[in-house]
Amino acid sequence: MYLELQKRLGSRLRSLLEEKYGLLVENIPLEIPPDLKFGELATPIAFELARKLRKAPRIIAQEIVSALNGLEGFAGFEVAGAGYINARLDRAAGVRLVVGGESLARASSGLHSLVEHTSINPNKAAHIGHLRNAILGDTFVRLLRAAGQKVDVQNYIDNTGVQVADVVVGFLHLEGLPEAEVRQLLEVLKGNGERIDYYCWDLYARTSQWYEQGTAEENEARKELRYATLHEIERGGNDTAEVAEMISTAVLRRHLETMQRLDIEYDFLPRESEILHLKFWESAFEQLKQTGVLYFESEGKNKGCWVMTRPGAEVAEGDLDEDSKVIVRSNGTVTYVGKDIAYHLWKFGLLGKDFGYQPFFTYPDHECWISTEQGVEPHPHFGGAQAIYNVIDARQSDPQANVIQALRGMGHVDQANRYTHFSYEMVALTPRCAVELGYDVSEEDLKRPYLEVSGRKGFGVKADDLIDKLIAATRAEVDARQTGRDEAERQKIAGQIAIGALRYFMLKFTRNSVIAFDFKDALSFEGETGPYIQYAVVRARNIFRKGETTPEAVLAEFAAIDPAAYLEGEAAEDIWSLWLRAARRTLVLEQCIATSEPAYLAKHAFQLAQEFNNFYHRHHILTEEDPKRKTFLLATAAVALRELVVALSWLGIESPEAM
RNA sequence: GCGCCCGUAGCUCAGCUGGAUAGAGCGACUGGCUACGAACCAGUAGGUCGGGAGUUCGAAUCUCUCCGGGCGCACCA
């Protein structure tokens with residue numbers, strides 16, 4: 001409702017300024033005033049016009065206000081302060097709009113988007129940093145879908161990189177297991193219900209250390225072994241590649257299981273092995289050469305390489321660009337950015353090639369596909385999106401910018417403009433948390449505000465460990481309260497609350513704030529947390545349960561009542577303010593998408609819950625004697641409940657029946 | 001050296017395209033369960049918005065500069 005009225009007022013003001021002053025103002029600033037005494041919408045536009053019109057802002061505001069009459073949905077306008085224009089809504093009409101609810105199934109926007117997130121190297125267990133990535137990405141997917149977009153969710157799998165090679169070196173050389181025995185070991189672990197990704201977490205850390213533990217000559221030999229292993233994996237068709245395939249696939253399945261615990265699902269898993277074997281790069285290379293984005297360097301430190309100019313670089317015609325980005329090395333191999341350019345051409349349907357597809361992981365209501373050289377028929381088609389979002393941490397903004405630069409240079413300007421690096425800062429550990437976990441922390445590190453998580457060092461909090469810990473904690477709380485419920489019900493509720501707490505925790509911070517992780521904060525269920533919002537939902541539901549009615553029945557009954565009498569006066573301000581908050585859904589959605597910032601929705605959900613709790617405390621609904629007022633109060637609870645549940649679902653958080 | 005991010009209450013963070021008295025949670029202190037569940041609510045204390053300069057009718061928000069912290073800048077991925 002808010003967004004609709006805001007747009008209505010905006011366009012009215014725009015046309016008014018044009019008629020009255022002959023001014024075209026593209027963006028009329030409209031804001032929600034800090035206090036209801038200033039109305040529900042306001043604009044400081046008169047200040048901006050004061051200079052152009054050579055008049056006092058107050059006079060201009062007065063002129064605008066007198067021309068602003070009879071705008072549907074508004075009760076009146078007034079000038080305040082030095083020249084603010086404050087708008088008061090027709091409260092009864094507003095309430096009716098909110099009751100009607102903005103359609104949840106919004107008309108398809110027609111936009112086809114692709115969101116890539118998670119993308120964990122399949123050589124170790126997922127940790128809290130990966131959780132932030134996946135939760136941000138999954139929530140953004142829900143927001144785009146809520147806005148009517150068709151969205152494909154992809155999780156890129158680098159199954160042929162050095163990280164996988166390192167753990168393969170661990171299996172083959174540190175553990176000394178030949179291919180057949182690795183296969184056996186994986187079976188045994190699986191049989192014992194042990195987490196393979198956990199096993200690899202330790203082995204990967206050990207291998208990383210092993211590279212540096214020997215004598216200089218030994219370390220040199222180990223590094224050689226590392227790269228020989230990497231090249232065998234890249235080439236494929238040998239035992240080493242077979243081991244890599246087994247391990248990376250087993251770990252990948254674990255990642256999908258971990259994410260499924262958080263209600264995170266994927267549509268397609270493109271793998272680097274197919275990008276290599278299906279020769280995506282060769283097609284991209286041709287296009288890059290033809291468009292002149294890549295050129296062969298014949299001098300300087302990059303002599304013998306195919307390079308591209310970095311974004312923002314200024315090189316005079318004919319000068320040597322020593323700072324250029326190498327895409328093809330002098331030995332003929334392609335760098336990471338090169339492969340990424342090819343992959344992104346595919347994402348936009350510009351490559352002229354496609355993956356083979358094969359079903360890989362089955363969710364309750366859909367299938368997740370994986371890339372393969374020769375796929376099955378029939379299969380869905382992915383790629384060819386109009387807009388893409390890459391959920392990748394801020395440290396990779398340089399390579400991301402290179403890819404965008406290449407697309408733009410090739411003439412794909414629209415695509416480059418619809419390429420969003422959805423960047424976010426890392427999740428680090430507070431020194432206290434690291435000590436708590438039993439890691440050795442140096443004196444120097446103890447003084448730092450936070451310590452970076454490192455898979456290579458095996459330093460971090462594993463995702464499943466955190467989820468297990470959260471569930472244990474919520475289970476204890478549920479057991480203390482839900483004495484009448486059976487085991488299965490309690491476990492279900494504990495799970496819903498644990499996931500709510502975790503997802504909210506990862507979403508409450510804005511993207512470019514580093515999260516210094518601490519168990520005390522993450523395991524909190526009070527204050528600005530997911531469970532706080534879930535609790536508001538449970539309270540609202542209990543009102544209807546005890547009152548033996550439903551939100552739907554109440555809203556139907558409410559339609560016959562004139563709400564105006566209950567919305568005026570000092571005592572009604574808090575209730576009206578709750579209705580206004582409930583009316584902000586699409587406004588917040590639009591803002592989240594425009595800024596790629598899910599934290600705004602998290603904040604909105606919390607504030608709505610807070611206002612509901614306040615309302616709940618001040619007005620006792622079921623004992624209200626005036627039947628019409630009781631219906632009004634019930635309708636207020638119904639609307640708050642509906643909006644809380646929708647907001648939570650967009651955050652990927654369930655609304656428990658009890659807690 | 002160059003680039004990006006951050007610096008707001010004791011702690012952790014919001015503060016939308018510059019706008020009306022700078023907010024929340026946690027922590028501290030005080031009060032509220034015989035009313036729809038206290039995972040809740042109310043109140044009190046707590047801030048030179050890192051420092052300085054500038055633009056503006058108006059700056060936590062924009063520009064410059066300095067200080068402090070973090071991250072990038074490979075023929076690694």
Side-chain angles (χ1 to χ4, degrees), chain A residues 27 29-35 38 42-44 47-48 50-51 56-57 80-84 86 121 158 160-165 230 272 301-307 310 312 323 325-337 339-340 393-399 401 423 425-426 428 448-450 452 474 477-478 480-481 497 501 508-510 512-516 518 520-521 524-529 531-532 534-536 538-547 587-588 591 594-595 597 599-600 603 606-607 610 613-614 616-623 633 637 658-659:
Chain A
N27 278 318
L30 282 166
E31 45 192 66
I32 298 177
D35 192 298
F38 299 122
T43 177
F47 295 110
E48 221 173 284
R51 173 172 296 181
Y84 272 94
N86 292 337
N121 276 304
D158 184 3
T160 55
V162 277
Q163 293 211 21
V164 166
L230 174 63
E272 187 173 70
K301 67 168 184 157
N302 293 333
K303 184 177 177 182
C305 299
W306 286 87
V307 301
R310 289 179 194 268
D323 189 41
K325 174 71 196 168
V326 172
I327 301 299
V328 182
R329 302 181 186 104
S330 52
N331 67 5
T333 58
V334 194
T335 61
Y336 159 70
V337 171
K339 284 179 274 190
D340 222 24
D393 78 81
R395 286 170 292 191
Q396 295 205 49
S397 61
D398 275 4
S423 83
E425 278 293 344
M426 61 184 169
R448 292 168 172 269
Y450 49 80
E452 187 176 352
T474 52
E477 297 286 331
V478 171
R481 291 157 222 248
I497 299 169
K508 71 192 277 194
F509 304 94
T510 50
N512 51 13
S513 149
V514 174
I515 298 181
D518 201 307
K520 184 173 81 59
D521 299 331
S524 163
F525 309 133
E526 288 167 12
E528 194 182 344
T529 66
Y532 174 94
Q534 291 173 313
Y535 187 62
V538 168
R539 283 177 138 186
R541 283 189 174 148
N542 282 343
I543 296 171
F544 293 97
R545 191 173 299 133
K546 284 262 167 101
L587 184 72
V588 173
Q591 191 186 8
T595 55
E597 184 52 271
Y600 296 139
K603 187 66 86 180
F606 171 68
Q607 287 172 334
Q610 209 173 28
N613 274 332
N614 185 284
Y616 178 93
H617 184 76
R618 283 160 72 158
H619 306 277
H620 198 264
I621 299 168
L622 294 179
T623 53
L633 293 177
M659 62 188 280

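Residue numbers start from 1 in every chain, and the chains themselves are labelled A, B, ... in the order their sequence lines are given, proteins ahead of strands.
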Below 3.5 Å between N/O atoms, which protein atoms pair up with nucleotides 2-10 of chain B? Just atom names and distances, please.
unit_1 : atom_1 : unit_2 : atom_2 : d
B/C6   : OP1    : A/N512 : ND2    : 3.4

inquiry  = Please tell me whether A/N542 and A/R539 have a donor and an acceptor in their side chains that are separated by less than 3.5 angstrom.
reply    = no
task = Select base, sugar-phosphate, or nothing to describe what A/E526 touches, counting heavy atoms under 4.0 Å on all strands.
result = sugar-phosphate
inquiry  = Only pairs with both distances under 3.5 Å count, Watson-Crick or wobble alike; so what is the partner of B/C64 in this structure?
reply    = B/G52
From A/Q396 atom CD to A/Y336 atom OH, the distance as rounded to the nearest 0.5 Å = 4.0 Å
request  = Describe the nucleic acid contact of A/E272 in one word from base, sugar-phosphate, nothing, applying a heavy-atom distance below 4.0 Å.
outcome  = sugar-phosphate
Interatomic distance, A/K339 atom NZ to A/T333 atom OG1 [nearest 0.5 angstrom] = 8.5 Å
task = Kindly indicate whether the side chain of A/V307, heavy atoms from C-beta on, has any atom under 4.5 Å from the side chain of A/K325.
result = no
Just the table, please: protein N/O against nucleotides 41-46 of chain B N/O, every pair under 3.5 Å.
unit_1 : atom_1 : unit_2 : atom_2 : d
B/C41  : OP1    : A/Y532 : OH     : 2.3
B/C41  : O2'    : A/H617 : NE2    : 3.3
B/A42  : OP1    : A/N614 : ND2    : 2.7

inquiry  = Please determine whether a side-chain nitrogen or oxygen atom of A/Y535 lies at a distance below 4.0 Å from atom OP1 or OP2 of B/A39.
reply    = yes
message = Centre-to-centre under 6.0 Å for A/Y532 and A/F606, is that the case here?
response = yes
note = Here the distance between atom P of B/C11 and atom NZ of A/K508, to the nearest Å, is 16 Å
message = Considering every strand and a 4.0 Å limit on heavy-atom distances, what is the contact class for A/F47: base, sugar-phosphate, or nothing?
response = base
message = Does A/L30 reach a base, just sugar-phosphate, or nothing at all? Heavy atoms under 4.0 Å.
response = base
note = Residues at least two apart in sequence or cross-chain that pass side chain to side chain donor-acceptor pair (under 3.5 Å) with A/H620, listed by chain then number, are A/T623
request  = Please round to the nearest 0.5 Å and tell me the distance separating atom CD1 of A/I497 and atom CD of A/E477.
outcome  = 8.5 Å
task = Report the nucleotide, chosen from B/C73, B/A20, B/G72, that has the shortest atom-to-atom distance to any side-chain atom of A/R395.
result = B/G72
query = To the nearest Å, how far apart are A/N542 CG and B/A35 C1'?
reply = 14 Å
key: Rounded P spacing from B/C62 to B/G18 in Å   = 9 Å
request  = Whole angstrom is fine here: how far is it from NZ in A/K603 over to P in B/C16?
outcome  = 12 Å
key: Counterpart base for B/C16, defined by Watson-Crick or G-U wobble contacts under 3.5 Å   = none
ask   = Between B/G37 and A/R481, is there an OP1 or OP2 to side-chain N/O distance shorter than 4.0 Å?
value = no
query = Taking the side chain of A/Y336 as its heavy atoms from C-beta onward, which of B/A39, B/A14, B/A77 lies nearest to it?
reply = B/A77
request  = Indicate yes or no: at least one non-hydrogen side-chain atom of A/M659 is less than 4.5 angstrom from one of A/P531.
outcome  = yes
inquiry  = Give me the distance, rounded to whole Å, that separates B/U48 from B/U65 when you measure between the P atoms they each carry.
reply    = 27 Å
message = With a 4.0 Å limit, can you tell me whether A/R448 has a side-chain N or O closer than that to the phosphate oxygens OP1/OP2 of B/G70?
response = yes
ask   = According to the Watson-Crick and G-U wobble definitions, with both distances under 3.5 Å, which nucleotide is paired to B/G58?
value = none
message = When the P atoms of B/U56 and B/A42 are compared, how many Å lie between them, rounded to an integer?
response = 44 Å
inquiry  = On a heavy-atom basis, which atom in A/T529 and which in A/S524 lie closest, and how many Å separate them?
reply    = CG2-O, 3.5 Å
request  = Kindly give the heavy-atom pair with the smallest separation between A/L230 and A/T160, and that separation in Å.
outcome  = CD1-O, 3.2 Å
Reported CZ-to-CG distance for the pair A/F544 and A/L622, which is rounded to 0.5 angstrom = 9.0 Å
request  = Provide, to the nearest angstrom, the distance between the CZ atom belonging to A/F606 and the P atom belonging to B/A14.
outcome  = 14 Å
inquiry  = Taking only the P atom of each, what is the distance from B/A20 to B/U61 in whole angstrom?
reply    = 13 Å
message = What's A/Y616 touching, base or sugar-phosphate or nothing? Going by heavy atoms closer than 4.0 Å.
response = base
task = Round to the nearest Å and state the distance from A/K339 atom NZ to B/C75 atom C1'.
result = 13 Å
query = So what does A/V478 hit on the nucleic acid, given a heavy-atom distance under 4.0 Å: a base, only sugar-phosphate, or nothing?
reply = base
Rounded distance in Å - CD1 (A/I621) to C1' (B/C36) = 7 Å
request  = Describe the nucleic acid contact of A/R545 in one word from base, sugar-phosphate, nothing, applying a heavy-atom distance below 4.0 Å.
outcome  = nothing
Whole-Å P distance, B/C2 and B/G15 = 30 Å
Rounded C1' spacing from B/C57 to B/C66 in Å = 29 Å
ask   = Whole-Å distance between B/G23 P and A/D35 CG?
value = 11 Å
ask   = With a non-hydrogen cut-off below 4.0 angstrom, is A/I497 in contact with a base, only sugar-phosphate, or nothing?
value = base
task = Once you apply the 3.5 Å cut-off to both distances, tell me the Watson-Crick or G-U wobble partner of B/G72, or none.
result = B/C2
key: Sidechain-backbone polar pair: A/S513 side chain, A/F509 backbone, donor-acceptor under 3.5 Å   = no
ask   = Looking at the side chain of A/P34, which of B/G69, B/A20, B/A39 is the nearest nucleotide?
value = B/A20
remark   = For B/A22, the nucleotide meeting Watson-Crick or G-U wobble distances (both under 3.5 Å) is none
request  = Scan A/D518 against the nucleic acid and name what it touches under 4.0 Å (heavy atoms): base, sugar-phosphate only, or nothing.
outcome  = nothing
inquiry  = Rounding to an integer number of angstrom, what distance separates B/G43 and B/G51 when you compare their C1' atoms?
reply    = 36 Å
request  = Under 4.0 Å between any heavy atoms, over every strand shown, what does A/D340 touch: base, sugar-phosphate, or nothing? Just pick one.
outcome  = nothing
B/U17 OP1/OP2 closer than 4.0 Å to side-chain N/O of A/N27 = no
ask   = Considering every strand shown, what is the Watson-Crick or G-U wobble mate of B/G47 when both distances are under 3.5 Å?
value = none
query = How many Å lie between CD1 on A/I515 and P on B/C71, as a whole number?
reply = 17 Å
message = Under 4.0 Å, counting only non-hydrogen atoms across every strand here, what does A/P44 touch: a base, just sugar-phosphate, or nothing?
response = base
task = Could you say whether A/E528 or A/I543 is positioned toward the 5' end of RNA chain B, judged by the nucleotide with the nearest heavy atom to each?
result = A/E528
message = Any carboxylate oxygen within less than 4.0 angstrom of a Lys/Arg side-chain nitrogen, looking at A/R395 and A/E425?
response = no
inquiry  = For a quick test of reading the model: is some side-chain N or O of A/Y600 closer than 4.0 Å to OP1 or OP2 of B/A14?
reply    = no
key: Partner nucleotide of B/A38 by Watson-Crick or wobble geometry (both distances under 3.5 Å)   = none
ask   = To the nearest 0.5 Å, what is the distance between CD (A/E528) and CG (A/D521)?
value = 11.5 Å
key: Options B/C57, B/A20, B/A74, nucleotide nearest the side-chain atoms of A/A80   = B/A20
request  = Assign each of A/T43 and A/Q396 to its nearest nucleotide of RNA chain B by heavy atoms, then name whichever residue's nucleotide is nearer the 5' end.
outcome  = A/T43
request  = Determine the contact category for A/A428: base if any of its heavy atoms lies under 4.0 Å from a base atom, sugar-phosphate if only primed atoms, P, OP1 or OP2 are that close, otherwise nothing.
outcome  = nothing
